[in-house]
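For reference, the structure is listed below as structure tokens.
This structure is a prediction, so every number in the text was calculated from the model and none was measured. Residue numbers start from 1 in every chain, and the chains themselves are labelled A, B, ... in the order their sequence lines are given, proteins ahead of strands. Hydrogens, waters and symmetry mates are skipped; everything else that's a heavy atom, side chains included, is used.
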Amino acid sequence: MPRETEAATVTEQQVDRDHDGPFAVTLRSTSEAVRRTLALITEHFAGSVPDAELGMLEMVLAETLNNVVEHAMSGNARGQVKLRILCRNGGLDCTILDNGLPMPDGEPPRTTLPEIGRMIDDLPEGGFGWSLIRMHVRDLEYRRQDGINVLRFLLPLTEMADT
Amino acid sequence: MPRETEAATVTEQQVDRDHDGPFAVTLRSTSEAVRRTLALITEHFAGSVPDAELGMLEMVLAETLNNVVEHAMSGNARGQVKLRILCRNGGLDCTILDNGLPMPDGEPPRTTLPEIGRMIDDLPEGGFGWSLIRMHVRDLEYRRQDGINVLRFLLPLTEMADT
Amino acid sequence: MNLSSRQIGDALIIRVGEARIDSLIAIQFKDAMRAAVPDAVGPGPEALPVILDLAGVNFVDSSGLGAIVAVMKFLAPARRLELAALQPNVERVFRLTRMDGVFTIHDQAPTDGTQDAA
Amino acid sequence: MNLSSRQIGDALIIRVGEARIDSLIAIQFKDAMRAAVPDAVGPGPEALPVILDLAGVNFVDSSGLGAIVAVMKFLAPARRLELAALQPNVERVFRLTRMDGVFTIHDQAPTDGTQDAA
Ligand SMILES: Nc1ncnc2c1ncn2[C@@H]1O[C@H](COP(=O)(O)OP(=O)(O)O)[C@@H](O)[C@H]1O
Ligand SMILES: Nc1ncnc2c1ncn2[C@@H]1O[C@H](COP(=O)(O)OP(=O)(O)O)[C@@H](O)[C@H]1O
């Protein structure tokens, strides 16, 4: 992180932006940090987002953040991840930034749900993540910028209370 | 939180500011959220801030955040707290915003350490918080703005690695 | 990993005492399940049921789901894994991935005396 | 609240099995300590020591410190509270608040056979 050179005073706009602004969190690329982050988020939106949709938010963020930990960082716990959630466009607008490896094909996998056959031994134990994410979100965008993965999507809400 | 009307695209500057920028976290006013936040922070700065100074950071933030939970919000768990930490001016520049009650005298208490006498029954069980904070920080500023408490201070570091 | 088990008739009921089965504990969960289920004495004509009581679990992510499937696979063929008491968020992930068709799912875990409460 | 106690000679050693004594658990900690220490059979000429083994505790905030002081107060005069195995961050908060002068502090908790390892 480069040393900052901003003036030493918090401006009025900054306070506005910061306090009424988005939910934000910075985390390292570990499963523990993902758990803590999800707990802060469910606590933050409880009461303003209905339970079922809060459950979807938690699921979608668990899958995206755990993918960062497991794939983009492939286990390196010192990766840095930033998440921001805005209430707008009829839903929760989520942006995840990480300094890990880019997506393999320059875009999030378009995998569909793994096949479920009749043989127990052949049942899938993984590969659900991106299908679950894509089932719930809209306006998914991904880009690589200056060595940073920028992933963004909207989780639509049926009814949005002010948070 | 008012609905945002920003354009739907993350600009390059935003990515810069967000990813290389400060540590940030949004939390509700609960002791559990404070615990999770402190864990994210110690994990974030581990390796770049020496252990002893990381311990001081954790202590100072525990005291300031718990004061918000216990005093500014007096137990109301739905209060919203934002914390941001920048690496600059030779230390960690911390800003805490909360929408709770203002400080009683328009400024953080100037209490000194409670007296320790010889009688066990008279030993102090509280009142250490602000003395501990003031022992460690510099450039403490507090102001009330648009119903928001803005508290800011610098925790000086002897030697600062880039985080 | 907090698992507690009790035998009711042929079935072994294993209650998960963790609020989450997620990527943080998926591997430990698999290991603990392996340790919690005694080897069946050879596959009989009917596989012996192991019922996983998820009443206390309010979140399962895709790693947790994968771990539960892995447990089903290593218990087979002598033991068959069934599930009980799926909380709403847990039920959703099984339904969306169509894994609800793979498991026998009980509304709640059997209690002593009533072998099957589904 | 995870506390485990054992008696060595006159002293009751209570080991705290929590990584943090903070404002989240300060009240539970006080209650659990009250429950963990049996009433002394009347104050003798010497107060009976209770040694709080903090080897596993890596963080104490001002609420946790206040709770430890409260425990000292309600144990007196029949029992006297001593501390053992303060980790660096814990030692610092006692030192900065000058509470290190109030407690007898042992480097480590006594083990069976050695009554005092300080
Ligand atoms: N954030 C990411 N960065 C890099 N690669 C990813 C990321 N997310 C997913 N992938 C790749 O896409 C594949 C499919 O991901 P997913 O659907 O979540 O299934 P799973 O994680 O169970 O393998 C992963 O195996 C990985 O190779
Ligand atoms: N963030 C805050 N908002 C409002 N009042 C506060 C805040 N922090 C502290 N106070 C007031 O200052 C007093 C001293 O605080 P402190 O030194 O932390 O001791 P303690 O919390 O143990 O009482 C508190 O009792 C409270 O009345």
Counting only non-hydrogen atoms closer than 4.5 Å, does [X] touch chain A with its backbone (N, CA, C, O), its side chain (CB onward), both, or neither?
| X | result |
| --- | --- |
| C:A70 | both |
| C:N89 | side chain |
| C:F59 | side chain |

Identify which part of [X] has an atom lying under 4.5 Å from any heavy atom of chain C, answering side chain, backbone, both or neither.
| X | answer |
| --- | --- |
| A:L113 | side chain |
| A:P124 | both |
| A:E32 | both |
| A:L54 | neither |

Could you check whether atom [atom1] of [X] has more than 12 heavy atoms from other residues, nucleotides or ligands sitting under 6.0 Å from it?
| X | atom1 | result |
| --- | --- | --- |
| A:D51 | CG | no |
| C:I27 | CD1 | no |
| A:R144 | CZ | yes |
| A:E115 | CD | no |

Report the distance from atom [atom1] of [X] to atom [atom2] of [Y], rounding to the nearest 0.5 Å.
| X | Y | atom1 | atom2 | result |
| --- | --- | --- | --- | --- |
| C:L96 | A:M59 | CG | CE | 5.5 Å |
| A:E58 | C:N58 | CD | CG | 7.5 Å |
| C:S23 | A:L65 | OG | CG | 10.0 Å |
| C:K73 | A:M119 | NZ | CE | 11.0 Å |
| A:L61 | C:D61 | CG | CG | 12.0 Å |
| A:L38 | C:D22 | CG | CG | 8.5 Å |

Worksheet item: Is the shortest heavy-atom distance from the side chain of A:I120 to the side chain of C:M72 under 4.5 Å?
Response: yes
Worksheet item: Can you check whether A:L132 reaches C:R92 side chain to side chain, under 4.5 Å on heavy atoms?
Response: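 A side-chain contact is absent here, since even the closest heavy-atom pair is not under 4.5 Å.
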Discussion item. Testing C:V69, C:V102, C:T97 one by one against A:I116 for a side chain to side chain contact (heavy atoms under 4.5 Å, CB included), which residue passes?
Written reply: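 Among C:V69, C:V102, C:T97, the one meeting side chain to side chain contact (heavy atoms under 4.5 Å, CB included) with A:I116 is C:V102.
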